Amino acid sequence: MSGTKRGASEPPAFDAHAYWQARHRKFGADFRGVGNVSLTGEANERQIHQKALLLAYLLGRLGVSRGARVLDAGCGRGYLTMLLAQTGFDCVGCDVSQDAIENAYGRDRVAYVQSPLATLDLGEAFAAVLCIDVLYHVVDDEEWQRSLAALLAHTQPGGHLYIVENLTSEPSHSPHCRWRTIADYEAFCRQGRARIVGVETYTPLEIQREKSVLLIQA
Ligand SMILES: C[S@@+](CC[C@H](N)C(=O)[O-])C[C@H]1O[C@@H](n2cnc3c(N)ncnc32)[C@H](O)[C@@H]1O
């Protein structure tokens with residue numbers, strides 16, 4: 001959080017990291033912890049399976065095959081990470097929430113690390129780095145830039161960043177969401193020497209609003 005002094009009548013600044021720690025603690029294994037809180041846990045579970053199918057299809061299209069080292073950045077309790085590991089990928093998961101990491105799935109075959117994206121330093125680059133429904137929760141623009149730079153630094157040259165986003169120029173009315181546009185990502189890629197090689201849209205079950213998968217090559 002910034003050290004800016006706030007007036008007595010101003011509401012406290014939103015602390016995104018504390019928000020996610022509390023949210024994981026509250027929901028535990030209920031899929032609302034990593035999904036949409038206005039849907040049921042079961043509806044969120046159906047959505048995560050839809051995300052898994054799309055992920056498997058797109059990883060195949062990118063030529064990321066079983067056995068590849070994959071980082072799931074912002075993995076929550078690692079449900080998708082575990083599915084990937086069970087399918088034969090060699091996975092590392094990271095999340096800002098200590099609670100999510102301590103209770104993550106498949107700890108026998110996935111290496112889990114607690115860290116915010118912006119300061120992630122695993123000393124390794126991966127064939128694919130996944131960041132699924134996470135970056136629009138990094139509401140601070142400067143932290144968002146540092147987070148993307150860290151993700152890119154963990155991607156092998158020629159490897160891919162797989163980002164699930166809500167690309168829109170509309171303002172978000174939730175303090176834990178900040179929508180960004182394709183232009184924001186294009187500007188980042190220009191300075192980070194990466195390129196967007198695909199934008200795939202899909203409509204999550206039970207929500208009639210498109211989401212995008214941004215594929216960025218390092
Ligand atoms: C909507 S959930 C998505 C979880 C998982 N990727 C999935 O698709 O099921 C967002 C996740 O991002 C994590 N997160 C939020 N801000 C983060 C940050 N700055 N660094 C790392 N993880 C973060 C949250 O703790 C949460 O687990």
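All values below were derived from every heavy atom in this structure, side-chain atoms included, with hydrogens, water molecules and symmetry-related copies excluded. Here the structure is a predicted model, which means the values were calculated and not measured. Both ligands and their constituent atoms are indexed starting at 1 by order of listing.
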Asker: When you check the side-chain N and O atoms of Gln191 and Gln145, is any donor under 3.5 Å from an acceptor?
Answerer: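 Distance-only check passes for Gln191 and Gln145.
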Asker: Give a yes or no on whether a salt bridge exists between Lys211 and Asp133, defined as a side-chain N under 4.0 angstrom from a carboxylate O.
Answerer: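 Salt bridge: yes.
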Asker: Judging by distance only, is a nitrogen or oxygen of Asp133 under 3.5 angstrom from one on ligand 1?
Answerer: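 It does not: no N or O of Asp133 is found under 3.5 Å from an N or O of ligand 1.
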Asker: Which option, Cys131, Gly74, Cys94, owns the non-hydrogen atom nearest atom 11 (C) of ligand 1?
Answerer: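 Among Cys131, Gly74, Cys94, the closest heavy atom to atom 11 (C) of ligand 1 comes from Gly74.
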Asker: Regarding His17 and Gln98, do their side chains bring together a donor and an acceptor under 3.5 Å, going by distance alone?
Answerer: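 Not at all, the side chains of His17 and Gln98 share no donor-acceptor pair under 3.5 Å.
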Asker: Flag the pair Glu142 and Arg146 as a salt bridge only when some basic side-chain nitrogen lies within less than 4.0 angstrom of an acidic carboxylate oxygen.
Answerer: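 Here Glu142 pairs with Arg146 in a salt bridge, since their nearest N and O are under 4.0 Å apart.
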Asker: Between Asp72 and ligand 1, is there a nitrogen or oxygen pair with a distance under 3.5 Å?
Answerer: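 Between Asp72 and ligand 1, no N or O pair is found under 3.5 Å apart.
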Asker: Which is it for Leu80 and ligand 1 at heavy atoms under 4.0 Å: side chain, backbone, both or neither?
Answerer: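 Looking at Leu80 and ligand 1, just side chain atoms fall under 4.0 Å.
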Asker: Between ligand 1 and Gly35, is the shortest N or O to N or O distance under 3.5 Å?
Answerer: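 So ligand 1 has no N or O lying under 3.5 Å from an N or O of Gly35.
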Asker: Using heavy-atom distances, let me know which of Asn36, Ile48, Asp140, Ile101 sits nearest atom 9 (O) of ligand 1.
Answerer: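 Closest candidate by heavy-atom distance is Ile48.
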Asker: Can you confirm whether the side chains of Tyr185 and Glu165 place a donor and an acceptor under 3.5 Å from each other?
Answerer: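 Note: Tyr185 and Glu165 side chains meet the donor-acceptor criterion.
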Asker: Could you tell me which atoms of ligand 1, counted from 1 in the order shown, lie closer than 4.0 angstrom to a heavy atom of Gly76?
Answerer: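 Answer, ordered by atom number: 27 (O).
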Asker: With a 3.5 Å distance limit and no angle check, can you tell me whether Arg23 reaches the backbone of Arg32 through a side-chain donor-acceptor pair?
Answerer: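 Yes; at least one donor-acceptor contact below 3.5 Å.
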Asker: Please classify the Glu143 to ligand 1 contact at 4.0 Å (heavy-atom distances, strictly less than): side chain, backbone, both or neither.
Answerer: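 Only the side chain of Glu143 comes within reach of ligand 1.
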Asker: Hey, does Pro116 sit under 4.0 Å from ligand 1 if you only count heavy atoms?
Answerer: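 Distance cut 4.0 Å: Pro116 passes for ligand 1.
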Asker: When you measure from the heavy atoms of Ser115 to every atom of ligand 1, does any distance fall below 4.0 Å?
Answerer: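 Under 4.0 Å: yes for Ser115.
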Asker: Looking only at protein heavy atoms, which one is nearest to atom 20 (N) of ligand 1, and how far off is it?
Answerer: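 Here the nearest protein heavy atom works out to Leu117 N, 3.0 Å.
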Asker: Tell me which protein heavy atom sits closest to atom 8 (O) of ligand 1, plus the residue, atom name and distance to 0.1 Å.
Answerer: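 For atom 8 (O) of ligand 1, the nearest protein heavy atom comes out as Lys51 NZ, 2.7 Å.
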Asker: Does one side chain, of Ser38 or Asn36, offer a donor that lies under 3.5 Å from an acceptor on the other?
Answerer: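 Yes.
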Asker: Is it the side chain, the backbone, both or neither of Ala73 that has a heavy atom closer than 4.0 Å to ligand 1?
Answerer: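 Neither part.
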Asker: What's the shortest heavy-atom distance between Gln50 and Thr203, and which atoms?
Answerer: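 Minimum heavy-atom contact is NE2-O, 3.0 Å.
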Asker: Is the distance between the ring centroids of Phe31 and His49 under 6.0 Å?
Answerer: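 No, ring centres 6.0 Å or more apart.
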Asker: How far apart are the closest heavy atoms of Leu151 and Thr155, and which atoms are they?
Answerer: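 Residues Leu151 and Thr155, closest heavy atoms: O-OG1, 2.8 Å.
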Asker: I'd like to know if Arg61 pairs up with Glu200 as an ion pair, taking the criterion as any Lys NZ or Arg NE/NH1/NH2 lying under 4.0 Å from an Asp or Glu carboxylate oxygen.
Answerer: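 So Arg61 pairs with Glu200 through a salt bridge.
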Asker: Suppose we measure from atom 23 (C) of ligand 1 to each protein heavy atom; which comes out shortest, and what is that distance?
Answerer: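 Protein heavy atom with the smallest distance to atom 23 (C) of ligand 1: Val96 CG1, 3.5 Å.
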Asker: Considering the heavy atoms of Val134, write down every atom of ligand 1 situated less than 4.0 Å from one of them.
Answerer: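 So the atoms of ligand 1 that pass are 12 (O), 14 (N), 23 (C).
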Asker: Report the nearest protein non-hydrogen atom to atom 3 (C) of ligand 1: residue, atom name, distance rounded to 0.1 Å.
Answerer: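 Heavy-atom neighbour on the protein nearest atom 3 (C) of ligand 1: Ile132 O, 3.6 Å.
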Asker: Strictly under 4.0 Å, does any heavy atom of His24 approach an atom of ligand 1?
Answerer: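 His24: in contact with ligand 1 (<4.0 Å).
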Asker: Side-chain donor-acceptor pair under 3.5 Å between Tyr19 and His24, yes or no?
Answerer: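 The answer is no; no qualifying pair exists.
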Asker: Give the residue, atom name and distance (to 0.1 Å) of the protein heavy atom nearest atom 13 (C) of ligand 1.
Answerer: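 Its nearest protein heavy-atom neighbour is Asp95 OD2, 3.3 Å.
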Asker: How far is atom 2 (S) of ligand 1 from its nearest protein heavy atom, and which residue and atom name does that atom have?
Answerer: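 Result: Val34 O, 3.6 Å.
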